[in-house]
Amino acid sequence: MGDFDDLLAANREYAEDFDMAGFDGIAHAGIAIITCMDSRLAPLAMVGLRPGDAKIFRNPGGRVTEQALEALVLGAHLLNVDRILVVPHTRCAMTASTQQELRDQIGESAGVDADWQFFSVVEDQLAALEEDVQRVRTHPLIPKSVLVGGFMYDVDTGLLDQKF
Ligand SMILES: [Zn+2]
């Protein structure tokens with residue numbers, strides 16, 4: 001106990017002005033964003049949205065994984081989503097190393113073998129993005145009326161560039 005006191009103190013301040021009590025969990029702007037866990041990305045702010053507007057799913061690399069698809073299917077049918085943005089970014093750590101390099105690096109840091117751990121490394125970001133956008137567009141449970149775009153986010157300019 002006590003390890004999170006700074007954050008809990010900040011949370012009490014946050015709750016003082018909290019005005020989302022009773023607010024529903026749908027995406028009010030109809031947006032879902034799949035993006036990377038990278039701390040340089042602010043998924044809502046980068047497209048002018050606020051809490052309540054969008055469903056956000058993040059993972060290393062911003063990939064359309066099975067679980068991302070699960071989120072999108074739920075979003076499209078139950079949570080008002082009608083536009084989906086898939087957003088990897090420049091200088092992503094998942095593009096900087098191979099699977100084995102990451103396993104070696106993590107294994108050394110952990111002091112135990114990490115060769116069993118899967119890391120979703122990306123060799124060719126554009127090819128991966130095209131494939132990911134296709135996975136969403138062709139998913140049998142995601143309606144054709146849902147618009148899907150693949151964008152590259154530049155961590156040095158803050159700009160999004162639509163690729164697919
Ligand atoms: Zn990243």
Side-chain angles (χ1 to χ4, degrees), residues 3-96 118-122 124-164:
D3 294 344
F4 300 90
D5 284 353
D6 53 336
L7 300 175
L8 288 172
N11 170 252
R12 281 187 290 274
E13 270 183 45
Y14 170 77
E16 275 174 25
D17 303 321
F18 190 69
D19 61 0
M20 292 183 77
F23 200 67
D24 62 51
I26 70 167
H28 280 260
I31 305 297
I33 302 174
I34 307 291
T35 194
C36 185
M37 65 188 272
D38 193 292
S39 50
R40 291 169 289 189
L41 275 70
L44 288 173
M46 72 164 69
V47 285
L49 300 179
R50 297 178 306 169
D53 284 342
K55 313 308 287 185
I56 311 287
F57 188 94
R58 305 183 72 160
N59 59 32
R63 298 304 310 277
V64 175
T65 59
E66 284 303 311
Q67 210 178 19
L69 286 168
E70 175 192 348
L72 293 176
V73 167
L74 288 167
H77 290 279
L78 305 179
L79 302 166
N80 197 44
V81 169
D82 57 16
R83 282 189 293 170
I84 295 168
L85 294 84
V86 183
V87 187
H89 64 97
T90 58
R91 298 204 281 123
C92 182
M94 301 315 287
T95 67
F118 174 76
F119 295 103
S120 50
V121 295
V122 180
D124 181 337
Q125 264 187 316
L126 279 183
L129 179 56
E130 184 170 22
E131 189 182 307
D132 281 355
V133 166
Q134 277 306 110
R135 279 193 89 188
V136 181
R137 285 186 180 147
T138 58
H139 195 285
L141 295 178
I142 295 177
K144 294 287 169 242
S145 57
V146 172
L147 302 173
V148 187
F151 305 79
M152 187 64 68
Y153 177 76
D154 188 326
V155 294
D156 294 302
T157 64
L159 288 170
L160 284 170
D161 181 12
Q162 184 162 12
K163 300 292 188 184
F164 302 102

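Computed from a predicted structure; not experimentally measured.
- Few gaps surround CZ on Phe23; more than 12 heavy atoms of other groups in view lie less than 6.0 Å from it.
- You'll find the side chain of Asp82 stays beyond 4.5 Å of the side chain of Ser145, heavy atoms only.
- The pair Arg91-Asp38 fails the salt-bridge criterion, with no side-chain N (NZ, NE, NH1 or NH2) lying under 4.0 Å from an Asp/Glu carboxylate O.
- A 4.5 Å side-chain heavy-atom check between Tyr153 and Thr35 finds every atom pair outside the cut-off.
- A heavy-atom distance below 4.5 Å is found between the side chains of Thr90 and Met152.
- Nearest heavy atoms, Ala128 versus Val122: CB-CG1, 3.8 Å.
- Of the charged side-chain nitrogens involved, at least one lies within less than 4.0 Å of a carboxylate oxygen, so that Arg135 and Glu66 count as a salt-bridged pair.
- Summarising the geometry, atom CG belonging to Leu79 is positioned 6.5 Å from atom CG belonging to Leu74; distances are rounded to the nearest 0.5 Å.
- By the 6.0 Å contact criterion, CZ on Phe18 is enclosed, its count of non-hydrogen atoms from other residues, nucleotides or ligands being greater than 12.
- No side-chain heavy atom of Leu72 sits less than 4.5 Å from a side-chain heavy atom of Val81.
- Counting heavy atoms from C-beta outward, Val47 and Leu160 have side chains that approach closer than 4.5 Å.
- Under the 4.5 Å side-chain criterion, counting only non-hydrogen atoms from C-beta, Val86 is in contact with Leu129.
- Enclosure of atom CD in Gln67 is not indicated, since only 12 or fewer non-hydrogen atoms of other residues, nucleotides or ligands lie within 6.0 angstrom.
- Put simply, the side chain of His89 never gets that close to the backbone of Gly62: no donor and acceptor are under 3.5 Å apart.
- Of the possible donor and acceptor atoms, none in the side chain of Lys55 sits under 3.5 Å from a partner among the backbone N and O of Gly30.
- In this structure, Leu44 CG and Asp53 CG are separated by 7.0 Å, a value rounded to the nearest 0.5 Å.
- What you find for Met37 and Pro60 is that their closest heavy atoms are SD-CG, 3.6 Å.
- Contact between Asn80 and Ala27 at its shortest, heavy atoms only, is ND2-O, 2.7 Å.
- You'll find the side chain of Val73 reaches within 4.5 Å of the side chain of Ile142, heavy atoms only.
- Under the 3.5 Å distance criterion, the side-chain polar atoms of Asp132 are left unmatched by any main-chain donor or acceptor of Arg63.
- In this structure, Phe164 and Val148 have side chains that are not in contact, with every pair of non-hydrogen atoms separated by 4.5 Å or more.
- Residues Val133 and Gly150 come closest through the heavy atom pair CG2-CA, 3.5 Å.
- For the atom pair CG of Leu7 and CZ of Arg12, the computed distance is 10.5 Å after rounding to the nearest 0.5 Å.
- The two atoms that bring Cys36 and Gly61 nearest to each other are SG-N, 3.2 Å, heavy atoms only.
- The two residues Arg40 and Val155 have their closest heavy-atom pair at NH1-CG2, 3.7 Å.
- Heavy-atom contacts from other residues, nucleotides or ligands closer than 6.0 Å to CZ of Arg83 number 12 or fewer.
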